[in-house]
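Position 1 is the first residue of the sequence; numbering continues from there.
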Amino acid sequence: MLTKKLPPLQSFLSLVSRRGSHLARQQYDVIVVGGGHAGTEAAAAAARVGAETLLVSQKIQTIGALSCNPSLGGVGKGQLVKEVDALDGLCGRAGDWAGIHFSILNRRKGPAVWGPRAQLDRQRYREFIQSELLSTPRLTVLEGSVEELLVSEPNPEEPGHHIVTGIRLANGSHLISASSVVLTTGTFLSGSLFLGQSMSPGGRIGDAPSSAGLSQTLRERLGLRIGRLRTGTPPRIVKDSVDLSLAHVHPPDSHPTPFSFLNTHTRCKPEEQLPCYLTYTTPGVERVVRESLHLNCHIQQETKGPRYCPSIESRVLRFPGRQHQVWLEPEGVTSDLLYPQGLSMTMPPDVQLRLIREIPAMHRAEIHTPGYGVQYDFVCPTQLSPALQVKSTQGLFLAGQINGTTGYEEAAAQGLWAGVNAARWALSMPPVALSRTESYIGVLIDDLVSRGVTEPYRMFTSRAEFRTSLRPDNADLRLTLKGFEEVGCVSTLRYQEAVRVRDSLQDALAALQALSLSTHNWRKKFPDMRMSEAKSTLLTGMDVLQYNDVSFEMLASAFPECLLPHVEFSQRLKIEAVYRPHCNLQKKEIERIQKEENMSLPQDIDYLSLPVSLSQEVREILDRVRPSTLGAATRLQGITPAAIVHLLNYVRHTGQKERRTHRNQPDRKEREEELCARNAALPQ
């Protein structure tokens, strides 16, 4: 997988269509608009499902480009990459090919919230994505700009007010028909670039702006609610102008962990990895920000920006007097640039240079490309179904930043799922959905379509109610089999590997469970194991593997006949043993909450004084929204899984108490009859 030879960029350019008139066909099952992370995953997924697919991108060279930071994964985001890979997506394998610095974030916490992450070589990543698209059957690539959607009267047998029938390209009347269209416009939908006091149309510096007609079609023709969001990117710094000796070296993991379940190693050898560097802002940075606010029109806008990746201007204004981290990250093996993560800014270029030189490691730094801000339109995602189809328009699907999200990983996950369902719509197959209980992709989509967004949405592990079950290590077992058997987006090769892994793990777990010894005998086998001498019960191999100081390799060396064949899965078995009790409890909670999802919540509950363990934030949300059912409460942003369990227990307990009280007390009619009988018995 990692030894294949990629074709040069010129080969990719020569094999795609430059103009609509050169297309071999004018009718497609699926058209995908946009060649970013959402668009490439959508196009590849639609083709894998079996749809004749056309990918339309404004600029062929930028298909698969890393527009902002040269990295993939992280806490919450790494889980999405693993799930996209489990469904045969592109970004995980591309990350393994292009990665130059691999690390697992959150290692001090449990494996359920580990965050696989990699710094990437921009050129390698783009080349891999383009190579994959080039070799994907049923997929055509076209360079062009989409002027508008073709819309007609809907199919009366399906819900919706319109049906999409294709696209019209800009600079002419060329029409291309399709049964479904996926829009993945990123920041290009009526995008505006901000640098200092200047503003120009566009979604990315160096690229032409998108047509205003597409946004107009969505707003006026389809009547969709459109909002406005903003984001930004930092300046790119010339590497040789930075004194890295004044920054803290952050080495990669000594053994890179691949994203893809198909890969056992990464392309970059451990010793070839590049370090990152950590430095901090100074009071001088804050001074420059405050002195230049009048020169910065982007920061003065009321449009919401990303809360969890804010500009340096926003950080200084929200948290004055603090030091802020700045990571200096390599952009590639041969690149002479550094990406200063944490220094997104939109002030004039000369002021940007003044600011970065206030940081000791960059006191002589030179800027290659200035940072800038972007504002763009997005469609309020509550207007979408869980299949990411616009409810009012048959055959129209949206994915990525057009739905109000931020980040490559969130875009890739939506793109894959929108592409799957667009293909299924075109091929007259029913839509498919992912539950919150089985994937982070399900959490992401459910959050978007049921709660909407007020600011750019990014994924965190804390958003998943059942994260001990939704671990990075088991995404293949959760999704690959379903992706092949029910969805149709997974190759036979990947499916067979997932089945092999599943069967091997089941055999290993059965072997562990069959090992049963007394605690005395276990201590004889492993004298250094910290096991209580007070225990005198029988313990299985699974029980013993839950101990922190016991590894599967230790057990395999003691019981080679039954365990040595499974040493390939040592880490997965250790994680499975540790989390199995938690997952069993969580499974019961899932079943219980699903069973009680339609339970009515009394509308007179005083949430602010409810005698249960709820945070003040949760109490205020419940008091303000007053959900009618438990299921509605679970979908409120800010409501934790623990809060739902406490609420469920309270309502069930009070309901049982009221029923008991009701059984023990006569109703009003009985009391009236009893009173009449007593009055009749009194002397007159």
Side-chain angles (χ1 to χ4, degrees), residues 17 23-35 38-56 84 86-90 132-133 135-142 146 149-160 162-167 175-184 384-400 412-434 439 441-442 445 449 479-495:
S17 299
L23 290 175
R25 57 195 299 151
Q26 301 299 317
Q27 168 73 43
Y28 288 86
D29 296 321
V30 178
I31 294 176
V32 178
V33 180
T40 52
E41 294 288 357
R48 290 199 305 275
V49 171
E52 290 293 338
T53 305
L54 175 67
L55 172 61
V56 183
V84 169
L87 290 165
D88 232 355
L90 309 178
E132 285 294 307
L133 297 180
S135 61
T136 300
R138 296 181 293 275
L139 177 57
T140 305
V141 180
L142 169 69
V146 176
L149 295 173
L150 303 179
V151 179
S152 65
E153 293 300 312
N155 178 354
E157 297 181 359
E158 299 284 348
H162 316 276
I163 187 170
V164 69
T165 59
I167 59 171
L175 309 181
I176 306 176
S177 300
S179 300
S180 59
V181 174
V182 185
L183 295 183
T184 67
L384 307 179
S385 73
L388 294 179
Q389 182 177 14
V390 176
K391 295 175 183 176
S392 63
T393 305
Q394 299 166 9
L396 179 59
F397 299 79
L398 310 181
Q414 294 172 72
L416 184 147
W417 207 242
V420 160
N421 278 297
R424 292 178 67 87
W425 169 272
L427 300 174
S428 300
M429 300 164 69
V432 285
L434 288 172
S439 66
I441 299 177
I445 294 174
V449 304
L479 297 177
T480 300
L481 278 69
K482 177 172 182 172
F484 181 85
E485 296 168 355
E486 300 177 31
V487 180
C489 66
V490 169
S491 68
T492 302
L493 173 67
R494 184 181 289 269
Y495 175 71

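Looking at residues two or more places apart in sequence or on another chain, you find a side-chain contact (heavy atoms from CB on, under 4.5 Å) between Ala422 and Val30, Ser180, Val182, Phe397. By the side-chain contact (heavy atoms from CB on, under 4.5 Å) test, Leu481 is found to be paired with Glu485, Tyr495, Ala498, Arg502, residues two or more places apart in sequence or in another chain being considered. Ser491 is linked by a side chain to side chain donor-acceptor pair (under 3.5 Å) to Asp88, counting only residues two or more places apart in sequence or in another chain. Among residues two or more places apart in sequence or in another chain, the side-chain contact (heavy atoms from CB on, under 4.5 Å) test is passed with Leu139 by Ala43, Ala47, Thr53, Leu55, Leu133, Thr136. A search for salt bridge (charged side-chain N to carboxylate O under 4.0 Å, His left out) contacts involving Arg138 returns nothing, not counting sequence neighbours. Scanning for side-chain contact (heavy atoms from CB on, under 4.5 Å) contacts around Ala399 gives Ala38, Thr184, Gln414, Ala418, with sequence neighbours left out.
Rounding to the nearest 0.5 angstrom, the gap separating the SG atom in Cys489 from the CZ atom in Arg48 is 5.5 Å. Summarising the geometry, atom CG belonging to Leu384 is positioned 9.5 Å from atom OG belonging to Ser392; distances are rounded to the nearest 0.5 Å. With rounding to the nearest 0.5 Å, the separation of CG in Leu87 from CZ in Arg494 is 8.5 Å. Here the straight-line distance linking atom CD1 of Ile163 with atom OG1 of Thr393 works out to 10.0 Å at 0.5 Å rounding.
Leu54 pairs in a side chain to side chain contact (heavy atoms under 4.5 Å, CB included) with only one of the listed residues (Val181, Val32, Ile176), which is Ile176.
At least one side-chain heavy atom of Ile31 sits less than 4.5 Å from a side-chain heavy atom of Val56.
The main-chain N or O of Leu150 is found under 3.5 Å from a side-chain atom of Thr165 such that the two form a donor-acceptor pair. Looking at Gln389, its side chain never comes within 3.5 Å of a backbone N or O of Asn421 through a donor-acceptor pair.
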Donor-acceptor contacts, no H, no angles, side chain residues 423-434, under 3.5 Å, sequence neighbours left out:
unit_1 : atom_1 : unit_2 : atom_2 : d
Arg424 : NE     : Pro430 : O      : 2.6
Arg424 : NH1    : Glu486 : O      : 3.4
Arg424 : NH1    : Val487 : O      : 3.0
Arg424 : NH2    : Pro430 : O      : 3.0
Trp425 : NE1    : Ser179 : O      : 3.3

- Query: Could you go step by step and tell me if Leu396 and Leu149 meet the side chain to side chain contact (heavy atoms under 4.5 Å, CB included) rule?
  - Reply: CA-CA 9 Å; Leu396 179 59; Leu149 295 173; 3.9 Å; yes

- Query: Does the side chain to side chain contact (heavy atoms under 4.5 Å, CB included) test come out yes or no for Gln394 and Val164, once each step is laid out?
  - Reply: CA-CA 6 Å; Gln394 299 166 9; Val164 69; over 6 Å; no

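Atom CD of Glu153 sits in a sparse spot, with 12 or fewer heavy atoms from other residues, nucleotides or ligands closer than 6.0 Å.
A pairwise comparison of heavy atoms in Ala86 and Leu479 identifies CB-CB, 4.1 Å as the closest pair. Among all heavy-atom pairs drawn from Asp29 and Gly50, the shortest one is OD2-O, 4.4 Å.
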